[in-house]
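First listed ligand is number 1; within each ligand, the first listed atom is number 1.
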Amino acid sequence: MRVDAVTLFPGMIDSPLSESIVGRARAEGFLELGFSNPRDFTEDRHRTVDDKPYGGGTGMLMMAEPVYRALKKVKKRGSFVILMTPKGRRFDQSVALELAKKKHLVFICGHYEGIDERITPLADMQLSIGDYVLTGGEPAAVAVIDAVTRLIPGVLRKGDATVNETFTDGLLEAPHYTRPAVWRGSKVPEALLSGNHKLIADWRISQAKQLTGEARPDLAAAPAPVKVPAKRGRSAKKK
Ligand code: ADE
């Protein structure tokens with residue numbers, strides 16, 4: 001998958017997405033990440049990208065033209081353009097699954113008080129990662145790109161690692177434990193030590209239901225679980 005970000009601060013996206021699993025996905029070619037900086041598309045001596053809002057108000061707005069030109073540089077036929085904004089559709093696992101099917105995503109990241117409204121119609125989707133205001137769309141784009149990248153077939157080493165996980169079946173995951181079996185007096189639940197696969201599966205389901213009911217009653221009441229992508233790619237084929 002190819003992802004481009006239109007941003008005044010590429011380092012805010014490039015740096016966190018150079019580590020760990022996403023960093024590896026980039027190194028191995030599962031994810032190609034590029035940047036287009038509106039500042040590179042200005043023509044004045046000061047390379048101005050922002051201005052005061054018409055009608056007054058606090059803060060500065062990103063001007064439409066440099067953002068438009070930066071977008072035009074990376075947008076191709078078939079690109080899916082996402083404007084990061086707290087006013088957007090709420091991001092969740094079902095949106096991540098939807099975006100993971102696309103060939104090319106372009107994220108427009110606002111900074112300061114946002115972007116001139118006339119940029120909005122250029123986006124296929126407006127996306128928010130929650131009801132709070134960040135300093136810019138960049139940290140939000142990082143969260144979305146991370147969640148989407150791990151869904152690209154082959155990125156996770158265990159082929160089925162995205163199947164039995166939180167949100168994909170509409171439930172929070174059951175708790176996990178690793179060695180030692182007793183840690184500072186705290187024991188791993190008996191069922192997990194039993195070696196009985198049916199018992200373990202039943203225990204996990206009942207724990208997941210209980211946990212979801214307690215911590216996220218909204219999820220517990222939700223209807224259809226979201227679908228997981230078909231198993232494909234290098235690691236899944238090995239099985
Ligand atoms: N930009 C600023 N805050 C944001 C949020 N919560 N989601 C997406 N983009 C944002």
Fill in the blank from the handout: shortest atom 6 (N) of ligand 1-to-protein heavy-atom contact is with Y132 O, 2.8 Å
Exercise for the section: For S79 and K76, indicate whether the former's side chain and the latter's backbone hold a donor-acceptor pair under 3.5 Å. Expected result: yes
Exercise for the section: Compute the ring centroids of F80 and H104, then answer whether they are less than 6.0 Å apart. Expected result: no
Exercise for the section: Run the numbers for me: atoms of ligand 1, each under 4.0 Å from some heavy atom of G130, listed by number. Expected result: 6 (N)
Problem - Euclidean distance, D4 CG relative to E32 CD, rounded to 0.5 Å - result: 8.5 Å
Completion exercise
For atom 9 (N) of ligand 1, the closest protein heavy atom turns out to be T85 N, 3.2 Å
Exercise for the section: Report, in ascending order of atom number, the atoms of ligand 1 lying under 4.0 Å from any heavy atom of G136. Expected result: 1 (N), 2 (C)
Problem - Gap separating the OG1 atom of T212 from the CD atom of E173, nearest 0.5 angstrom - result: 10.0 Å
Handout entry: Protein heavy-atom partner closest to atom 7 (N) of ligand 1 - residue, atom, separation in Å
Key = I129 N, 3.0 Å
Handout entry: Shortest non-hydrogen contact between M60 and Y112, atoms and distance
Key = O-CB, 3.2 Å
Problem - Main-chain N/O of G130 paired with S128 side-chain donor or acceptor, under 3.5 Å - result: yes
Exercise for the section: Do me a favour and list the nearest non-hydrogen protein atom to atom 3 (N) of ligand 1 with residue, atom name and distance? Expected result: L134 N, 3.0 Å
Practice task
For A140, counting its heavy atoms only, list the atoms of ligand 1 lying under 4.0 Å from any of them.
Solution key: 7 (N), 8 (C), 9 (N)
Practice task
Would you please determine whether L127 falls within less than 4.0 Å of ligand 1 on a heavy-atom basis?
Solution key: yes
Practice task
Name the option, out of P86, P139, G88, that contains the heavy atom nearest to atom 4 (C) of ligand 1.
Solution key: P86
Problem - Student check: side-chain heavy atoms of P153 and F30 closer than 4.5 Å - result: no
